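Here is the structure we will look at.
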Amino acid sequence: MSQSEQAQIDTLLKNDYEAGFYTSVESDTLPPGLDEDVIRFISNKKGEPDWMLEWRLEAYRGWLEMVEPEWAHVRYPKVDFQALSYFSAPKSMADKPKSLDEVDPELLRTYEKLGIPLHEQEMLAGVAVDAVFDSVSVGTTFRAKLFEAGVIFCSISEAVHEYPELVKKYLGSVVPRKDNFYAALNSAVFSDGSFVYIPKGVRCPMELSTYFRINEAKTGQFERTLIVAEEGSHVSYLEGCTAPMRDENQLHAAVVELVALDNAQIKYSTVQNWYPGDKEGKGGIYNFVTKRGVCHDSAKISWTQVETGSAVTWKYPSVVLRGDNSVGEFYSVALTNNHQQADTGTKMIHMGKNTRSTIISKGISAGQSQNAYRGLVRMSQRAEGARNYTQCDSLLIGDRCGAHTFPYIESRNPSAVVEHEATTSKVSEDQLYLCQQRGLDAEKAVSLIVNGFCKEVFKELPMEFAVEAGKLLEVSLEGSVG
Amino acid sequence: MLSVKELRASVGDKEILKGLSLEVKAGEVHAIMGPNGSGKSTLGHVLAGRENYQAIGGSVEFDGKNLLDMDTEERAREGLFLAFQYPVEIPGVSNMEFLKTAVDAVRAHRGQEAIDSVQFMKLAREKCKAVNLDDQFLKRGVNEGFSGGEKKRNELMQMMLLEPKLCIMDETDSGLDIDALQVVAEGVNAMRNEDRAIVLVTHYQRLLDFIKPDFVHVLSGGRIIKSGDHSLALELEEKGYGWITKEVA
Ligand SMILES: Nc1ncnc2c1ncn2[C@@H]1O[C@H](COP(=O)(O)OP(=O)(O)OP(=O)(O)O)[C@@H](O)[C@H]1O
Ligand SMILES: [Mg+2]
């Protein structure tokens, strides 16, 4: 096909779907359904270059051949992918609640308990906040500071335009497009997400957080995040906000890729509190996320997650320890209450010599929830002297919930050492009694006990996050006793 | 302060207390002695409001209120403290955090603000010293890995910080070495005042040499079968319980 022919086809196509979606363009929301045209529409809407569109289409074609995984210890009605809408521009100011008075009082009560300031409550609840109030000014000051250091922190859509070479080189390099069902879907339709690039030898001067980009963070349920840390650089990234975001959509399928080049360090912290559904288990987010990082020589990647939200969570932040002497860490608290289900854990793939990994997982189940840890530690043939330490603790509150542990260990190198410890305990009546006899009510007592149980993970979180995570547990545990 | 009348109580479906009466006034120290399994700890738990410890008859008044109507935590906030015979561990929750949360809960109940952290730290260190525990114990998990004697001193430390009206101490002297016994006794004596009442459950007259009780009671078969003054404890030390149970029977 000649270039002019191609251009012609492009124009045709463009016309075609512009016409086809005429009404929806106005409302900026696509009708439900997914096909190649939808992907072209999304790509076009974002003004993407051809290579990006091709990349998406390739992912889509791969996805069509794939089947939804069913091995996780979760049960949920099947998602009808044709019933979802794959593009929805941010709500216009006119659609948003005008003031906090129009926001669900239950949601506000939660915010209050979390101690979130009024102005932030407005942002989180999606209240039409006056432009002066918006994070614009904050945004500009921190951007300047980052720019000085040479750090790039922008939305992935911006990065596609501004830094195409970096995006081309690294997007899909850690999580290939056809890695798994949801990753393929995400690759085809991702709406937005963050891009971070830390140049060689630079220590990022501040914690980077999606919170600063709160508007963009709301863009959709198919986020795509890519973090590249050049040789010897350091970065700490915080994801998510500690307040529940109501989302009319049911499926959240994000992909996060981390690249830590030689001697680089990436610390990635998540506090996930998507809507878990109501007490009867109605509604809530399906959180099917693929997170993976690659460590080159002597690099370190550390995942810390506090997962309290979502109706169903399916998530295994992993580290591929490709380089010698590299280090992977996974610290996790996963709490499920009512009818929530979580199947979460990690994969540590040891390829380099003397690689080390640590896994600390704390699962808390309350109500009628199901909480599973699933972890893979693989020592490849080349992983001379590699070590892993896994500690996996489960805490049960009440007797209608479940905790499950599925550790998978594959070792092809006899010099590699894998240690695994697991415990299951209950919040005992004696402990509750001790607390109550000292004046604490049952809920406070449970939250105190649970916080103590999670201590090893919380101390890995940045300070402010640790405090909020503690409060979040308290809120999430509401109604789990008595 | 505490008025127990003909109290009957069961644990699960087993009746343990069978018509127990006890009057404790502010400023008094009472010692309760009695054979193993006679119901001493049960009495403490029923008063404190432990789950499955059901009062099935009689009445208990605490500071003019019906104690049996109150929740466990409410009783604690109203100033009833039970030093446990077997203190449990709460791993990962620092003693400091636990104590501050407890003190703040009591303060909130009294309409006071949460205590300032720095001030609380100072206070807690002081109390540690008073019971001869190193500051390190404030950082450690509640009773986590504490020795038997350390746990008992930790109970006393909590009692000192919470400043309850009624202190029920269930065998706080058991398992203490001779020096620690002295320390605990001094701690308890320091807490004696006209507004506070103390109920000591003990097997050993030795403790009562250090803490002179106003009354000594013998609990047996779920009832108080004999009361007297300090001399009763001395008599028990010499003769055991047999003669009283026979006397009553
Ligand atoms: N959960 C329970 N179920 C059945 N019986 C119980 C239960 N708890 C306590 N008991 C019984 O109640 C009786 C009184 O126990 P309690 O602990 O009050 O004795 P005590 O006087 O404190 O004894 P000690 O001097 O050994 O501490 C005992 O016979 C004990 O076995
Ligand atoms: Mg006892």
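A, B, ... follow the sequence lines: proteins, then strands. Residue 1 opens every chain. No experiment lies behind these values; they were computed from the predicted model shown.
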- prompt: Given that the side chain runs from C-beta out, which part of A/Cys435 has a heavy atom under 4.5 Å from chain B: side chain, backbone, both or neither?
  reply: both
- request: Identify which part of A/Asn451 has an atom lying under 4.5 Å from any heavy atom of chain B, answering side chain, backbone, both or neither.
  value: neither
Smallest separation among heavy atoms of [X] and [Y], with atom names:
{"X": "A/Gln431", "Y": "B/Ile90", "answer": "NE2-CA, 4.0 Å"}
{"X": "A/Gly439", "Y": "B/Ala105", "answer": "O-CB, 3.3 Å"}
{"X": "B/Val93", "Y": "A/Gly452", "answer": "CG2-CA, 3.7 Å"}
{"X": "B/Ala48", "Y": "A/Tyr433", "answer": "CB-OH, 3.4 Å"}

query: Under 4.5 Å between any side-chain heavy atoms of B/Val142 and A/Leu434, yes or no?
result: yes
field: Student check: side-chain heavy atoms of A/Ser428 and B/Glu89 closer than 4.5 Å
entry: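 With C-beta onward as the side chain, the pair stays apart.
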Please say whether more than 12 non-hydrogen atoms of neighbouring residues, nucleotides or ligands are located less than 6.0 Å from [atom1] in [X].
{"X": "A/Arg387", "atom1": "CZ", "result": "no"}
{"X": "B/Arg50", "atom1": "CZ", "result": "yes"}
{"X": "B/Asn193", "atom1": "CG", "result": "yes"}

message: Using only atom types and a distance under 3.5 Å, with no angle test, would you say the side chain of B/Glu51 pairs donor to acceptor with the backbone of A/Glu429?
response: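 Absent.
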message: Just to be sure I understand the criterion: a residue of residues 64-80 of chain B counts if one of its heavy atoms is under 4.5 Å from a heavy atom of chain A. Which ones qualify?
response: B/Thr72, B/Glu73, B/Ala76, B/Arg77, B/Leu80
task: Give me the contact list for residues 116-135 of chain B versus chain A, heavy atoms only, anything under 4.5 Å, ordered by residue number.
output: none
message: To the nearest 0.5 Å, what is the distance between CD on A/Gln437 and CD on B/Gln158?
response: 9.5 Å
- prompt: Side chain, backbone, both or neither: which part of B/Val106 has a heavy atom under 4.5 Å from chain A?
  reply: side chain
query: Can you say whether B/His45 sits under 4.5 Å from chain A via the side chain, the backbone, both, or neither, judging by heavy atoms?
result: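 Both backbone and side chain of B/His45 come within 4.5 Å of chain A.
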- request: Would you mind telling me which of A/Asp441, A/Ile449, A/Val427 has the largest number of heavy-atom pairs within less than 4.5 Å of chain B?
  value: A/Asp441
- request: Heavy atoms only, distances under 4.5 angstrom: which of A/Arg438, A/Gln436, A/Glu456 has the most pairs with chain B? Name it, please.
  value: A/Arg438
Top of B/Gly141, B/Ala108, B/Ala102 for chain A proximity - count of heavy-atom pairs under 4.5 angstrom: B/Ala102
